[in-house]
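Reviewing the structure listed below.
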Amino acid sequence: MFDIKLIRENPDSVKECLKKKKADLNLVDEAAALDRSRRDIIGEVEKLKAENNKVSGEIAKMKKDGRDASAIITEMKVMSDRIKSFDIELSKIDAELNTKLLYIPNIPNESVPVGDDEKANTIVRHWGGKPAFDFTPKPHWEIAEYLDILDDKRSVKVTGARFVIYKGLGALLERALINFMLDVQTRENGYTDIMPPILINRDSMTGTGQLPKFENDAFKLTEPDYFLAPTAEVPVTNIHKDEVLAERDLPIYYTAYTPCFRKEAGSYGKDMKGIVRMHQFNKVELVKFVRPEDSYAELEKLTLNAESILQKLNLHYRVMLLSTGDMTFASAKTYDLEVWHPGADRFWETSSCSNFEDFQARRARIRFKDKDGKIRFVHTLNGSGLATSRLFPAIIESFQTKDMEVIIPDILRPYMGGIDRITKK
RNA sequence: GGAGAGGUUUCCGAGUGGUUUAAGGAGCACGCCUGGAAAGCGUGUGAGGUGAAAGCCUCCGAGGGUUCGAAUCCCUCCCUCUCCGCCA
């Protein structure tokens, strides 16, 4: 949620910042105008209410003394009607203003490169190197089909396009990855394991910023008014919705595995091969609630926590700092981790690590009481740690052999009953 | 899904149309007392909005309604508990 006070105090610098994020700047002026009339009406109606409260007390006293109050009561009927019509007007303006604010994106941090799209993203660092092959590496869908570990034909019968069935050692590898990632984050990096609900109510979807603007991107139940979680970020961040935390509780680190559901609206026909763009995929998520003064240091740590998974798996990747035009609506700063897919001969985003500052906290009303007893919004962060739909292919493609076997990375073998490779049955 | 009972401030808990400006108690904070502590006594103790400030306004699960006036009466919804049904 955008802070109306920033708009009230300095609309021009707000617009300057939001321009970088390609926001509709009219929203700022419209919000400013609504804020002005809102406060005008509050001034009026509160004067009337104060008067009304005073006279009500007098009426009570007269009744008690057995005096006739009918003249004043008649007078107060008029007053009451005036108050009611002001209140109706006010709640209309409140709702309009609130809607405007919910459609304004977060302001990017100063360290974020300014640009229109992903071309302006900058490479922060590389890790590892492209694996060398003495043959042409195959894409994961060819290997997976040969090894019979993924089935994207029968999943169409069960559901439809962009769903996949993991089978046999494919399912085991998927399960191993999830367990391995959760173990690393809980045992080494201090995250608490969470298994949240995956059906989400409207208020929580609004809290993290998916609604109201991006309702078409989410799967939705007809009854009740619930959505399928597009990421564990939504249920996990909303755990502390409407709470005032103690400063000593911070920072809070949560990790959660959930399936994630996305409509991928607007991507028809794109990336149809393999499992990189599914309507349902698996992801381990990292979520943090921190003090505002710590949030940028915490973003660096969170990104390293996500990177550690790729390093332990010995997968080549790069860290990108997203430009203002490529960032999501709610984010103030985002690093993407892109893992190398040798068979596809390209990098694929497998993690997105963001600091939302107080944007989500304001929407979801997540606050803390600081040392001086002052109540402030926390900063929220999250990052994938990681998405298997991009990680599974990276493993299949990076560790393939000439005769289409897949060597299991050492660290995953204990999670797979000790097997060292996937071979054709 | 059915029947019943509930939801009040940090917590317990009173309140069934007008001195409720939400009693009382506990907890917490500060002060007095004390060699120190406990007990006792006193004072204070929520959030949001608005305003330069004093102050004022709003909030008793949520949203509507009745009334000059609602924690209190009416309607809808949500949640909790008990019993029944169903079920992994």
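Proteins get letters first, then strands, A, B, ... in listed order; numbering begins at 1 in each.
- Rounded to a whole angstrom, the distance from the P atom of B:G24 to that of B:U43 is 11 Å.
- When both distances must be under 3.5 Å, the Watson-Crick or G-U wobble mate of B:G63 is B:C75.
- RNA chain B is contacted by both A:K64 and A:R36; A:K64 maps to the nucleotide lying nearer its 5′ end (nearest heavy atom per residue).
- A:R8 comes within contact range of the sugar-phosphate backbone alone, with a heavy-atom separation under 4.0 Å but no base atom that close.
- When the nearest nucleotides of RNA chain B are assigned to A:I73 and A:V244 by heavy-atom distance, the more 5′-ward of the two goes with A:V244.
- Pair check for B:C56 finds B:G49; Watson-Crick or G-U wobble, both atom distances under 3.5 Å.
- Atom CG in A:L90 sits roughly 18 Å away from atom P in B:G48 (whole-Å rounding).
- The phosphate of B:G46 (OP1 or OP2) has no side-chain N or O of A:R367 nearer than 4.0 angstrom.
- A salt bridge links A:D242 to A:R365: one of the charged nitrogens lies within less than 4.0 Å of a carboxylate oxygen.
- In this structure, A:D225 pairs ionically with A:K220, as a charged nitrogen and a carboxylate oxygen lie closer than 4.0 Å.
- Between B:G49 and A:R39, no contact under 4.0 Å exists linking OP1 or OP2 to a side-chain N or O.
- Taking the P atom of each, B:U20 and B:U34 are spaced 39 Å apart, rounded to whole Å.
- Residue A:I59 is in base contact, counting any heavy-atom pair closer than 4.0 Å across all strands shown.
- A straight line from CG of A:N53 to C1' of B:A70 spans 13 Å, rounded to a whole angstrom.
- Checked against the 6.0 Å centroid criterion, the rings of A:Y166 and A:F392 qualify as a close aromatic pair.
- For B:A5, the paired nucleotide is B:U80, the pair qualifying as Watson-Crick or G-U wobble because both relevant distances are below 3.5 Å.
- Across all strands, A:I375 comes closer than 4.0 Å only to sugar-phosphate atoms, never to a base (heavy-atom distances).
- At distances below 3.5 Å, at least one donor-acceptor pair connects side-chain atoms of A:N106 with backbone N or O atoms of A:A330.
- In this structure, A:N52 does not reach the B:C57 phosphate: none of its side-chain N or O atoms is under 4.0 Å from OP1 or OP2.
- The distance from atom NZ of A:K369 to atom P of B:U10 is 9 Å, rounded to the nearest whole Å.
- Nucleotides B:U9 and B:A62, compared at atom P, are 10 Å apart to the nearest Å.
- A:H279 and A:F219 have perpendicular rings, their planes meeting at more than 60° on a 0 to 90° scale where under 30° would count as parallel.
- Taking atom CG of residue A:D94 and atom C1' of nucleotide B:U50, one finds them 12 Å apart after rounding to whole Å.
- A 3.5 Å limit on both hydrogen-bonding distances identifies B:C41 as the Watson-Crick or G-U partner of B:G31.
- Of the charged side-chain nitrogens involved, none lies within less than 4.0 Å of a carboxylate oxygen, so that A:K77 and A:D81 do not count as a salt-bridged pair.
- Regarding contacts with the backbone of B:U67, every side-chain N or O of A:S80 stays at 4.0 angstrom or more from both OP1 and OP2.
- Across B:G69 and B:C11, the matching P atoms stand 31 Å from one another, rounded to whole Å.
- Between the C1' atom of B:U19 and the CZ atom of A:R67 lies a distance of 14 Å, rounded to the nearest Å.
- Between A:K61 and B:U19 there is no side-chain polar atom (N or O) within less than 4.0 angstrom of OP1 or OP2.
- Nucleic acid contact class of A:K49 (heavy atoms, under 4.0 Å, all strands): sugar-phosphate only.
- Only the C1' atoms considered, B:G1 is 23 Å distant from B:C75, to the nearest whole Å.
- With a cut-off of 3.5 Å on both Watson-Crick or G-U wobble distances, the partner of B:G69 is given as none.
- Atom NZ of A:K22 is surrounded by more than 12 heavy atoms from other residues, nucleotides or ligands within 6.0 Å.
- The CG atom of A:D242 sits 11 Å away from the P atom of B:A62 (whole-angstrom rounding).
- A:I42 places its CD1 atom 8 Å from the P atom of B:G51, with the value rounded to the nearest Å.
- To the nearest angstrom, P of B:A47 lies 18 Å from CD1 of A:I366.
- Side-chain N/O atoms of A:E46 and base N/O atoms of B:G51 include no donor-acceptor pair closer than 3.5 Å.
- Residue A:R38 is in sugar-phosphate contact alone, with no base atom involved, counting any heavy-atom pair closer than 4.0 Å across all strands shown.
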